[in-house]
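Working notes for the structure below.
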Amino acid sequence: MASGESSAATSDPLARAAQQLRRARSVVVLTGAGISAESGIPTFREAQTGLWARFDASELATPEAFERDPQLVWSWYAWRRRLVREAQPNPGHFALTELETRVAQFTLVTQNVDGLHQRAGNRRVIEYHGSLMRTLCSREGITIADAVEDETLPRCHRCGAPGRPGVVWFGELIPAEALECSASAARECNVFMSVGTSSLVYPAAGLAEAALRAGAYVIEVNPAATPLTRLADAVLRGPSGTVLPALLDAMH
Ligand code: OAD
């Protein structure tokens, strides 16, 4: 233990996590919908409200749903885009911007498609599940436009097929570069943080397991337990908008 660090550092998970982060050369952070919850964007596994209350998010985010009713799926994403445009990054996002400046090698992998990490100022962000702000041709996969807020289903100007949001749906492949870069970063990091994710959706959830196997110190930030909780070295219970700024403070 470095001089000046009390023995409390070993029993308090926040202090232990901060100590590991301070020493780390390479840090990977994986974020999920929970980090944007405090910006007012609903997570995937909580019940939806208002117009979309009778739909299950996980049933709209599939190629099958889009094939059945492309307009319905497009309208749901148009609604999510509006929420995102009106939202602001919260203290949890800003704490990760600060962390990027303090660590020699920092990789932020996000399952979120909302672009809030970039808006908060993180420079290097791997978008594991794509981006809400791109529109692709549903037949050819090429980008056809930056997403517009229009409720009307767009059409590909080349082939006429319906446009779709540039996100990865259940059952679809993760973009190859995102998959490879995050897997190698997870295998090589000293500290891996899992923030605001239910750790249920693979392959993203497998990144923490790969990091653990390679000997990294694993920190979980979540108000609720997940399948990762019992494997993590430090579990920081609470909303990321409170826990992450406290963790950064404890690093000083
Ligand atoms: P989920 O909706 O599955 O989980 C959100 C997690 O955030 C839960 O574990 C909550 O306990 C936690 N949470 C809630 N409020 C929080 C807060 N204020 N601070 C920190 N954590 C909080 O979201 P993801 O794990 O991101 O994929 O879901 C993974 C993927 O499944 C998504 O990217 C999406 C989804 O369906 C696709 O669309 C392919």
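Note that this is a predicted model, so its numbers are computed, not measured. Sequential numbering from 1 along the given sequence is applied to the chain's residues. For ligands, and for the atoms within them, numbers begin at 1 and follow the listed sequence.
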What is the nearest protein non-hydrogen atom to atom 37 (C) of ligand 1, stated with its residue, atom name and distance?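 Here the closest protein heavy atom is Val168 O, 3.8 Å.
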Considering heavy atoms of the protein only, find what lies nearest to atom 17 (C) of ligand 1 and give residue, atom and distance to 0.1 Å.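 Checking every protein heavy atom, the shortest distance to atom 17 (C) of ligand 1 gives Gly34 O, 3.3 Å.
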Is the ring centre of Phe55 less than 6.0 Å from the ring centre of Trp76?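 For Phe55 and Trp76, the ring centres are not under 6.0 Å apart.
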Partner residues of Ala183 under the side-chain contact (heavy atoms from CB on, under 4.5 Å) criterion, sequence neighbours left out: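 Result, side-chain contact (heavy atoms from CB on, under 4.5 Å) vs Ala183: Arg187.
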Pick one of side chain, backbone, both or neither for how [X] approaches ligand 1, counting any non-hydrogen atom pair under 4.0 Å.
| X | answer |
| --- | --- |
| Val201 | side chain |
| Glu38 | side chain |
| Val167 | neither |

Is the charged tip of Arg119 near the ring of Phe94: under 6.0 Å from the six-membered ring centre and within 45° of its axis?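 Because its charged atom misses either the 6.0 Å distance or the 45° angle limit, Arg119 does not stack over Phe94.
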Establish, yes or no, whether the cationic atom of Arg80 lies under 6.0 Å from the six-membered ring centre of Trp74 and within 45° of the ring axis.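 Output no; distance or angle outside limits.
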At a 4.0 Å threshold, what atoms of ligand 1 neighbour a non-hydrogen atom of [X]?
| X | answer |
| --- | --- |
| Asn222 | 8 (C), 9 (O), 10 (C), 11 (O), 12 (C) |
| Ala33 | 23 (O), 24 (P), 26 (O) |
| Pro239 | 17 (C), 18 (N), 19 (N) |
| Gly196 | 5 (C), 6 (C), 7 (O), 20 (C), 21 (N) |
| Gly32 | 26 (O) |
| Ser240 | 17 (C), 19 (N), 20 (C) |
| Ala224 | 11 (O) |

Other than Ile142, which residues form its hydrophobic cluster under the rule that side-chain heavy atoms must be closer than 4.5 Å?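 Reading the cluster by chain and number, Ile142 sits alongside Ile144.
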Select the closest option to atom 4 (O) of ligand 1 among Ala61, Ser198, Ala37, judged by heavy-atom distance.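 Shortest heavy-atom distance from atom 4 (O) of ligand 1: Ser198.
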After noting the C-alpha distance and the side-chain angles of Cys189 and Arg25, does the key distance pass the side chain to side chain contact (heavy atoms under 4.5 Å, CB included) rule? CA-CA 8 Å; Cys189 67; Arg25 203 175 12 82; over 6 Å; no
May I ask whether Leu200 has any heavy atom positioned less than 4.0 angstrom from an atom of ligand 1?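 Under 4.0 Å: no for Leu200.
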Would you please test Gln118 and Glu127 for side chain to side chain donor-acceptor pair (under 3.5 Å) and show each step? CA-CA 10 Å; Gln118 291 90 332; Glu127 290 183 319; 3.0 Å; yes
Check for me, please, whether Leu231 and Val109 land in the same ILVMFWY cluster - side-chain distances under 4.5 Å, paths through other members count.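 Yes, Leu231 connects to Val109 through the hydrophobic network.
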Tell me whether Glu100 is salt-bridged to Arg124, with the criterion being a basic N under 4.0 Å from an acidic carboxylate O.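 Salt bridge: no.
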